[in-house]
Amino acid sequence: MTINKRKSPSRVFKIVNKFLYKIVRKKYGPHIVVRLNSLTFTGNRPVVFEKKSDYTITEEINLKTNKKISLDELVCMHQFLINQLNSILMMIESDDYVEVTSVRLVVV
């Protein structure tokens with residue numbers, strides 16, 4: 001049994017949130033703002049993992065917009081967020097990466 005120590009979840013959160021915000025604004029425009037839920041993010045990342053394969057992670061992302069968005073665009077955005085979030089986490093947490101399996105999108 002190997003035990004891996006992870007980076008500080010709050011520090012990883014700040015970096016991931018910043019990148020996700022910039023990527024979404026670049027792709028969808030300045031009228032859309034996304035923020036990860038910090039409590040969900042840090043709660044999903046314990047300091048020590050005993051076995052990574054036993055964990056599935058669902059993140060919560062708040063999406064704020066000034067314009068109306070169609071359901072098709074929301075579905076595309078949902079998939080885009082999952083892919084980008086996993087890509088960012090792979091870069092930041094390379095040794096300790098655990099895949100985000102789903103995203104709960106909260107439209108504000």
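Hydrogens, waters and symmetry mates play no part in the numbers below; they use all other heavy atoms, side chains included.
The NZ atom of K64 sits 10.5 Å away from atom CG of N62, with the distance rounded to the nearest 0.5 Å. N66 CG to I32 CD1: the interatomic distance, rounded to the nearest 0.5 Å, is 9.5 Å. In this structure, R104 CZ and L81 CG are separated by 14.0 Å, a value rounded to the nearest 0.5 Å. Summarising the geometry, atom CG belonging to L20 is positioned 5.0 Å from atom CD1 belonging to I61; distances are rounded to the nearest 0.5 Å. With rounding to the nearest 0.5 Å, the separation of CD1 in I23 from OG in S87 is 8.0 Å. From D72, atom CG reaches atom CE of M77 across 11.5 Å, with rounding to the nearest 0.5 Å.
Using a 4.5 Å heavy-atom threshold, the side chains of V33 and V24 count as separate. Side-chain atoms of L63 and V108, non-hydrogen and from C-beta on, never get closer than 4.5 Å to each other. The closest side-chain heavy-atom distance from Y28 to E73 is below 4.5 Å.
One hydrophobic cluster, built from ILVMFWY side chains closer than 4.5 Å, holds both I82 and Y97. There is no path of hydrophobic side-chain contacts, each under 4.5 Å, that joins Y21 to I92. Linking ILVMFWY side-chain heavy atoms closer than 4.5 Å, directly or via other members, places V34 and V106 in two distinct hydrophobic clusters. Tracing side-chain contacts under 4.5 Å through hydrophobic residues (I, L, V, M, F, W, Y), one reaches F80 starting from L74; they form part of the same cluster.
The side-chain contact (heavy atoms from CB on, under 4.5 Å) test applied to E59 returns L36, T40, F41, N44, R45, I57, L85, V100, not counting sequence neighbours.
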Given H78 and V103, is the side-chain contact (heavy atoms from CB on, under 4.5 Å) satisfied, shown in steps?
CA-CA 7 Å; H78 182 263; V103 169; 4.0 Å; yes
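Scanning both residues, S10 and T42, for their nearest heavy atoms gives N-CG2, 4.2 Å.
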